[in-house]
Amino acid sequence: MQRAIALVDCNNFYVSCERLFRPDLENRPLVILSNNDGCVVSRSQEVKDLGVPMAAPWFQLKDMAKKHGIIAFSSNYTLYADISNRVMQLLSQFSPLQEIYSIDECFLELTGMNELTRYARHMRATLRQSIGIPVCVGIAASKTLAKLANHVAKKQPGYKGVCNFNELPEDRLDTLLNKISVNEIWGVGRRTTLRLQEMQITSALALKRAPAKRIRAEFGVVLERTVAELNGAACLELDEITPPRSQIICSRSFGVSVSNLFELEQAVIAYTSRAAEKLRSQHAMASCIQVSLRTNPHKPQEPQYQSATTVPLSAASDDTRLLCHAALGGLRHIYRSGYAYQKTGVMLSGIVAERPRTLFDDVAAQEKSGALMATLDQINRRMGSGTVRLLGEGISKDWAMKQRNMSRRYTTKLDELAVANA
DNA sequence: TCTGGGGTCCTAGGACCC
DNA sequence: TCTGGGGTCCTAGGACCC
């Protein structure tokens, strides 16, 4: 039986989320910016048509934005995460097996089902009607091909948002693959594209036909698998449950550069608190915490410095206070005065499901810590993130991110609900 | 003025062991 | 003169993804 895997991908996801609550922005050029309003991370079709590339720095686009009336929003991840959950929940009803691959896309196992193209159209229409988010669907015999089918569904209006490679005869599929540049393939990035081009492999079809052994020798097992997948052999299985993270990162650029240790300490405490919260949400403990620090590499005229250090904990823990203590020790170790820092971050690693018991455990203290952290998380979940936090984070937070154009959290905050005017 | 944040996987090389 | 062959574990760095 032929394998059938669908890749469902939301169109311009963040832009579509904003438009749900601002229908007046339909058909208008709209971008969503990264943290600190730095780069463009989501573009409406109108903006793509103007030639604005992904990840373009916003400050370079100001003139163009004025000329064409481009509207910019700061990113509102609370809103996007909530809409994403609704989309994924609805899509899960269309297949016994779903892998949520990212905030805006998922794979669905459809092997053995009939009339897949029609089924996918129905799926698309249901999402549009009940949530309002537009999606495209690609169907094929492997994940890599499903990604390409989705690409075709997005780029070629003739397919009306659904492209099923499995129903195309081999020669028509190859004609399509011949027109797709090799860098559009999942797993082929900038560096690999350049090296493939030197070998005259420039299209998806050329890579499909490349000798697997040679690809293996030149590029390694990952790209060899890609070649097999392009030939319709599914090497990558669907992962239904997301495995617990093996590392948890929280790092952010500052709104303004920071030189003094005191403010860096505030940021490190804030990021460690956030990382510890994520850690507890997956019921895990960390045995190491890494702290990193760097100046702004985009300002080469200023003195540059970057460093990182990993601090092992005496025992794995999920206690914000212990993790902060370790992180601050690391920060003081790598901190040098006289630099304008742009970014700091923490990374939790050595993540284990439960702390191994030792002879020296202070069980009472552990239970107390667990109860305190559980209460903290509960309050912050109910009353909003950051309601209760360590004082060391600081109150004024002069270093915090810039988010000038943030939309409201329409779906998760009572006082930010959409208002209907009679 | 102004350039994201959070992940994964693979590989190479060093240290160490028998 | 001559200097093994594997295996494991760890880390750093590269490449890629969204």
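Numbered from 1 within each chain, the chains take letters A, B, ... in sequence-line order.
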Gap between atoms CG and P, on A:Leu279 and B:dG7 respectively (whole Å):
11 Å
Whole angstroms only, please: what is the CZ-P distance between A:Phe13 and C:dC17?
21 Å
Any Lys/Arg nitrogen of A:Asp63 or A:Lys67 sitting under 4.0 Å from an Asp/Glu carboxylate oxygen of the other?
no
Can you spot which of A:Gln304, A:Gln342, A:Gln306 makes a side-chain hydrogen bond (donor to acceptor under 3.5 Å, both in side chains) with A:Arg294?
A:Gln342
A:Tyr119 side chain near A:Ile139 side chain, heavy-atom distance below 4.5 Å:
no
Would you call A:Asp174-A:Arg209 a salt bridge at under 4.0 Å N-O?
yes
Of A:Gly255 and A:Val222, the one whose closest nucleotide on DNA chain B sits nearer the 5' end is A:Gly255
Picking from B:dG5, C:dC18, B:dG4, the nucleotide nearest the side-chain atoms of A:Arg252 would be B:dG5
Picking from C:dC18, B:dC10, B:dG7, which would you name as closest to the side chain of A:Ile248?
B:dG7
Using the C1' atom as the point on both nucleotides, what is the distance between B:dC17 and C:dG4, in whole Å?
14 Å
In whole Å, what is the span from the CD1 atom of A:Ile249 to the P atom of B:dG6?
7 Å
Picking from B:dC10, B:dT3, B:dG5, which would you name as closest to the side chain of A:Gln60?
B:dT3
Describe the nucleic acid contact of A:Leu33 in one word from base, sugar-phosphate, nothing, applying a heavy-atom distance below 4.0 Å.
nothing
Check whether any side-chain nitrogen or oxygen of A:Arg225 sits under 4.0 Å from OP1 or OP2 of B:dC9, and answer yes or no.
no
Tell me which nucleotide, if any, is Watson-Crick or G-U wobble paired with B:dC18 when both distances must be under 3.5 Å.
C:dG5
Check this for me: does any side-chain nitrogen of one of A:Arg3 and A:Glu237 sit under 4.0 Å from a carboxylate oxygen of the other?
yes
A:Val221 side chain: which of B:dT11, B:dG7, C:dC17 is closest?
B:dT11
Side chains of A:Phe107 and A:Val8 in contact at under 4.5 Å (non-hydrogen atoms)
no
Tell me the interatomic distance from A:Glu99, atom CD, to C:dC17, atom C1', rounded to whole angstroms.
12 Å
One thing to verify: whether A:Arg280 and A:Asp318 come together as a salt bridge, which I'm taking to mean a side-chain N less than 4.0 angstrom from a carboxylate O.
no
Between A:Glu105 and A:Lys147, is there a side-chain N and carboxylate O pair less than 4.0 Å apart?
yes
With respect to the phosphate group of C:dC17, does any side-chain polar atom (N or O) of A:Ser102 fall under 4.0 Å of OP1 or OP2?
no
Nearest whole angstrom, please: distance from the P of B:dG5 to the CD1 of A:Ile32.
17 Å
Scanning both residues in full, the closest heavy-atom pair of A:Ser369 with A:Asp319 reads OG-OD2, 2.7 Å
For a quick test of reading the model: is some side-chain N or O of A:Ser253 closer than 4.0 Å to OP1 or OP2 of B:dG5?
yes
Output yes when at least one side-chain N/O atom of A:Lys147 is less than 4.0 Å from OP1 or OP2 of C:dC18, else no.
yes
Quiz: residues 197-207 of chain A side-chain donor-acceptor pairs under 3.5 angstrom, not counting sequence neighbours:
residue: A:Ser203; atom: OG; partner: A:Leu205; partner atom: N; Å: 3.4
residue: A:Ser203; atom: OG; partner: A:Ala206; partner atom: N; Å: 3.0

Let's see if you can work this out: which of B:dG5, C:dC17, B:dT3 has an atom nearest to the side-chain heavy atoms of A:Asn296?
B:dT3
Separation of A:Gln290 atom CD from B:dG5 atom P, in whole Å?
16 Å
Using a strict cut-off of less than 4.0 Å between a Lys/Arg side-chain nitrogen and an Asp/Glu carboxylate oxygen, indicate whether A:Glu416 and A:Arg408 qualify as a salt bridge.
no
If you check the A:Lys299 side chain, which of C:dC17, B:dG4, B:dC2 turns out closest?
B:dC2
Over how many whole Å does the gap from A:Glu237 atom CD to B:dC9 atom P extend?
15 Å
A:Gln247 near the nucleic acid: base, sugar-phosphate alone, or nothing, with a heavy-atom cut-off under 4.0 Å?
base
Side chain of A:Lys62 only, heavy atoms from C-beta on: which candidate in C:dC18, B:dG4, B:dC2 is closest?
B:dC2
Tell me whether the OP1 or OP2 atom of B:dG5 has a side-chain N or O from A:Lys343 closer than 4.0 Å.
yes
In terms of the angle between their ring planes, are A:Tyr341 and A:Tyr339 parallel, tilted or perpendicular, with boundaries placed at 30° and 60°?
tilted
Euclidean distance, atom CG of residue A:Leu236 to atom C1' of B:dC9 [Å, nearest integer]
12 Å
Give the residues of residues 37-58 of chain A touching DNA chain B, defined as any heavy atom closer than 4.0 Å, sorted by residue number.
A:Gly38, A:Cys39, A:Pro57
Can you pull out the residues from residues 176-206 of chain A that lie within a 4.0 Å heavy-atom distance of DNA chain B?
none
Contact class for A:Ser75 (heavy atom, under 4.0 Å): base, sugar-phosphate, or nothing?
nothing
From C-beta outward on A:His298, which listed nucleotide comes closest to its side chain: B:dG7, B:dT3, B:dG5?
B:dT3
By nearest-heavy-atom nucleotide on DNA chain B, the more 5' of A:Arg245 and A:Phe59 is A:Phe59
Are OP1 or OP2 of B:dT3 and a side-chain N or O of A:Ser34 less than 4.0 angstrom apart?
no
